[in-house]
Chemist: 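Sending over a structure as structure tokens; questions will come in a sec.
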Amino acid sequence: MKVALIGYGKMGKEIEKILLSKNHSVELIIDINNPEDFNSENLKKVDVAIEFSAPDAAYSNIVKCIECGTPVVCGTTAWLDKYEDVVKLCKEKNGAFFYASNYSIGVNVFFKINRELARLMNKFNEYDVTVEEVHHTQKKDAPSGTAITIAEGILENLDRKERWICGTTTEPNELEVCAIRRSVVPGIHTVTYESETDLITIDHNAKSRRGFAVGAVAAAEFLCGKTGIYTMDDLMNE
């Protein structure tokens, strides 16, 4: 598999290691130092692009890949106000697009557990639910895309008039997530249900970025040769 890396920060470098260990080739690396190389001629030389850049660049990067006919896996968060535009373009161009807020297999198992727990807790109104996430200080978006996905999973399955997630919210169907930033923390996500009598907690602690990189490469392998719009649910249910 010939791969283009769009974004070459810490995640991009970790993904490169996984790709090379699996005998894939990295044919193109794009970062702030060589934007002129991000063109259709170079994109047509690869089988798939993996995009981990910045929120303000992700949308245009994805669009360029789709318009060039290059399947693209995106792991950048905080640009999803334009997600439906990407879906529309991908369908128009018969392209291939894979998006996840988190590519860790463990986190995606956590998402499923979170949704099931919310369904189980739906009839027990004496429990308040809170969501907390902790990341490294260099992370640009807060709350994280992963925490937002967790909150959405709770909202979809917890049918209550009042929904509290680490504080108050003025909108009844929106959740406020407690976002904490500390040095050298790959990512910790915690969901807590608490009543006067007891407390239930589920959490996921990332030990390193490797888990995210392994999942992103698996997504690229899955997407290669396909058309359509995919998520981690498609990969995990394959």
Chemist: Sequence neighbours left out, what pairs pass salt bridge (charged side-chain N to carboxylate O under 4.0 Å, His left out) with at least one residue falling in residues 221-238?
Modeler: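 Salt bridge (charged side-chain N to carboxylate O under 4.0 Å, His left out) check on residues 221-238 returns K22-E221, K112-D233.
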Chemist: Taking atom types as modelled and ignoring hydrogens, do the side chains of Y127 and D198 form a donor-acceptor contact shorter than 3.5 angstrom?
Modeler: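 There is such a pair (donor and acceptor under 3.5 Å, judged by atom type) between the side chains of Y127 and D198.
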Chemist: Minimum heavy-atom separation for N61 and S53, please, with both atom names.
Modeler: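 Looking at all heavy atoms of both residues, the closest pair is ND2-OG, 3.3 Å.
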Chemist: Check whether any side-chain heavy atom of I50 sits under 4.5 Å from a side-chain heavy atom of V3, and report yes or no.
Modeler: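 When only atoms from C-beta onward are counted, V3 and I50 do touch, with a gap below 4.5 Å.
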Chemist: Can you measure from NZ (K44) to SG (C68) and round to the nearest 0.5 angstrom?
Modeler: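 The NZ atom of K44 sits 6.5 Å away from the SG atom of C68.
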Chemist: So, using side-chain contact (heavy atoms from CB on, under 4.5 Å) as the criterion, who are the partners of S60 when residues are at least two apart?
Modeler: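 By the side-chain contact (heavy atoms from CB on, under 4.5 Å) rule, S60 matches no residue at all.
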Chemist: When you compare the side chains of T137 and S183, does any donor N or O come within less than 3.5 Å of an acceptor on the partner?
Modeler: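 No, S183 and T137 have no side-chain donor paired with an acceptor closer than 3.5 Å.
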Chemist: Of all heavy-atom pairs between A147 and P143, which one has the smallest distance, and what is that distance?
Modeler: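 The answer is CB-CB, 4.3 Å.
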Chemist: I need the minimum non-hydrogen distance between M232 and N102, along with the two atoms involved.
Modeler: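 Shortest heavy-atom separation between M232 and N102 comes out as CG-O, 3.9 Å.
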Chemist: Under a 4.5 Å side-chain heavy-atom rule over Ile, Leu, Val, Met, Phe, Trp and Tyr, are V46 and L223 clustered together?
Modeler: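 No, because V46 and L223 fall into different hydrophobic clusters, even though each may have its own neighbours under 4.5 Å.
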Chemist: What residue pairs, at least two apart or across chains, pass salt bridge (charged side-chain N to carboxylate O under 4.0 Å, His left out) with a residue in residues 67-78?
Modeler: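 The answer is none; no pair qualifies.
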Chemist: Looking at residues at least two apart in the chain, or sitting in another chain, which of them share a ring-ring contact (aromatic ring centres under 6.0 Å, His included) with Y230?
Modeler: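 Here the qualifying residues are F222.
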Chemist: Could you measure the distance from the OG atom of S104 to the NE2 atom of H189? Nearest 0.5 Å is fine.
Modeler: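 It is 10.0 Å, given to the nearest 0.5 Å.
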Chemist: Should L19 and L5 be marked as a side chain to side chain contact (heavy atoms under 4.5 Å, CB included) after you check the CA-CA gap, both sets of side-chain angles, and the distance that decides it?
Modeler: CA-CA 10 Å; L19 286 167; L5 293 178; 4.0 Å; yes
Chemist: Of all heavy-atom pairs between A96 and T227, which one has the smallest distance, and what is that distance?
Modeler: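 It is CB-CA, 4.0 Å.
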Chemist: Indicate the atoms forming the closest heavy-atom contact of Y193 with L117, along with that distance.
Modeler: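 Here Y193 and L117 meet closest at CE1-CD2, 3.5 Å.
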Chemist: Go through the structure and list residues passing side-chain contact (heavy atoms from CB on, under 4.5 Å) with N157, not counting sequence neighbours.
Modeler: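 N157 satisfies side-chain contact (heavy atoms from CB on, under 4.5 Å) with R115, A118, R119 once adjacent residues are dropped.
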Chemist: Let me check something: do Y103 and I229 share a hydrophobic cluster, defined by ILVMFWY side-chain heavy atoms less than 4.5 Å apart, either directly or through other members?
Modeler: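 In one cluster: no.
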Chemist: Give the cluster check for I113 versus M121: same hydrophobic cluster or not, with ILVMFWY residues linked at side-chain heavy-atom distances below 4.5 Å.
Modeler: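 Yes; M121 is reachable from I113 via cluster members.
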Chemist: Would you say the side-chain atoms of T197 and S195 include a donor-acceptor pair closer than 3.5 Å?
Modeler: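 The criterion, which ignores hydrogens and geometry beyond distance, is satisfied for S195 and T197.
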Chemist: Is the side chain of N42 donor-acceptor paired with the backbone N or O of D37 at a distance under 3.5 Å, no angle test?
Modeler: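 Judged by distance alone, yes, a pair lies under 3.5 Å.
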Chemist: Run through the side-chain heavy atoms of Ile, Leu, Val, Met, Phe, Trp and Tyr, join any pair under 4.5 Å, and report what else lands in I180's cluster.
Modeler: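 Noted: I180 shares its cluster with V134, V185, I188.
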Chemist: Which residue pairs satisfy the side-chain hydrogen bond (donor to acceptor under 3.5 Å, both in side chains) criterion with at least one member in residues 77-95, sequence neighbours excluded?
Modeler: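 Those involving residues 77-95 are T77-D141.
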Chemist: Sequence neighbours excluded, which residues qualify as side-chain contact (heavy atoms from CB on, under 4.5 Å) partners of D203?
Modeler: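 side-chain contact (heavy atoms from CB on, under 4.5 Å) check on D203 returns T190, N205.
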Chemist: For T146 and S101, what are the C-alpha separation, side-chain angles and deciding distance, and is it a side chain to side chain donor-acceptor pair (under 3.5 Å)?
Modeler: CA-CA 5 Å; T146 302; S101 61; 4.5 Å; no
Chemist: Answer whether the closest heavy-atom distance between the side chains of E27 and K45 falls below 4.5 Å.
Modeler: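 Side-chain contact under 4.5 Å: no.
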Chemist: Could you please spell out the steps behind the side chain to side chain contact (heavy atoms under 4.5 Å, CB included) verdict for V48 and F98?
Modeler: CA-CA 11 Å; V48 63; F98 192 116; over 6 Å; no
Chemist: Checking side chain to side chain contact (heavy atoms under 4.5 Å, CB included) for the pair L28/I30: CA distance, chi angles, key distance, verdict?
Modeler: CA-CA 7 Å; L28 178 66; I30 301 296; 3.7 Å; yes
Chemist: With heavy-atom distances below 4.5 Å as the criterion, would you say the side chains of I105 and V214 are in contact?
Modeler: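 They are not in contact (no side-chain heavy atoms under 4.5 Å apart), so the answer is no.
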Chemist: Would you say that V72 contacts I66 through its side chain, given a criterion of any heavy-atom pair below 4.5 Å between the two side chains?
Modeler: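 Yes, close enough: below the 4.5 Å cut-off.
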Chemist: Minimum heavy-atom separation for C224 and D47, please, with both atom names.
Modeler: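 Here C224 and D47 meet closest at SG-CB, 3.6 Å.
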Chemist: Does N114 use its side chain to pair, donor to acceptor, with the backbone of F110 at less than 3.5 Å?
Modeler: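 Looks like no, no N/O pair under 3.5 Å.
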Chemist: Any side-chain to backbone donor/acceptor pair from K64 onto N39? Under 3.5 Å, distance only.
Modeler: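 No: the side chain of K64 does not pair with the backbone of N39.
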Chemist: Could you check if a side-chain atom of R181 sits within less than 4.5 angstrom of a side-chain atom of H135, using non-hydrogen atoms only?
Modeler: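 Counting from C-beta outward, R181 and H135 do come under 4.5 Å.
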Chemist: Report, one line per pair, each donor and acceptor closer than 3.5 Å where one atom sits in a side chain of residues 11-18; sequence neighbours left out.
Modeler:
| unit_1 | atom_1 | unit_2 | atom_2 | d |
| --- | --- | --- | --- | --- |
| K13 | NZ | Y8 | O | 2.7 |
| E16 | OE1 | Y8 | OH | 2.4 |

Chemist: If you link I, L, V, M, F, W and Y whenever their side-chain heavy atoms are under 4.5 Å apart, who else ends up in the same group as I32?
Modeler: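 Noted: I32 shares its cluster with no other residue.
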Chemist: Report the C-alpha distance between Y59 and T76 in whole Å, list the side-chain angles of each, state the deciding distance to 0.1 Å, and finish with yes or no for side chain to side chain contact (heavy atoms under 4.5 Å, CB included).
Modeler: CA-CA 9 Å; Y59 174 71; T76 307; over 6 Å; no
Chemist: Any salt bridge (charged side-chain N to carboxylate O under 4.0 Å, His left out) pairs touching residues 48-57, not counting sequence neighbours?
Modeler: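 Salt bridge (charged side-chain N to carboxylate O under 4.0 Å, His left out) check on residues 48-57 returns no pairs.
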Chemist: Less than 3.5 Å apart, any donor N or O on the side chain of E194 or T192 sitting next to an acceptor on the other?
Modeler: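 Checked: E194/T192 side chains show no N/O donor-acceptor pair below 3.5 Å.
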Chemist: Would I6 and F52 show up in the same hydrophobic cluster when neighbours are defined by side-chain heavy atoms closer than 4.5 Å?
Modeler: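 I6 and F52: separate clusters.
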Chemist: What distance separates L155 CG from I150 CD1, expressed to the nearest 0.5 Å?
Modeler: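 Answer rounded to 0.5 Å: 12.5 Å.
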Chemist: Is N34 reaching over with its side chain to a backbone N or O of I29, donor-acceptor style, under 3.5 angstrom?
Modeler: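 Checked: pair present.
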Chemist: Tell me whether V191 shares a hydrophobic cluster with L120, the cluster being built from Ile, Leu, Val, Met, Phe, Trp, Tyr side chains joined at under 4.5 Å.
Modeler: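 Hydrophobic grouping puts V191 apart from L120.
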Chemist: Between the side chain of T70 and the main-chain N/O of L43, is any donor-acceptor distance below 3.5 Å?
Modeler: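 A pair under 3.5 Å: yes.
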Chemist: Hydrophobic clusters join Ile, Leu, Val, Met, Phe, Trp and Tyr when side-chain heavy atoms are under 4.5 Å apart, directly or via other members; which others share one with I148?
Modeler: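 None; I148 is a cluster of one.
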Chemist: Below 4.5 Å, heavy atoms only, C-beta onward: do R182 and H136 meet side chain to side chain?
Modeler: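 R182 vs H136: side chains apart.
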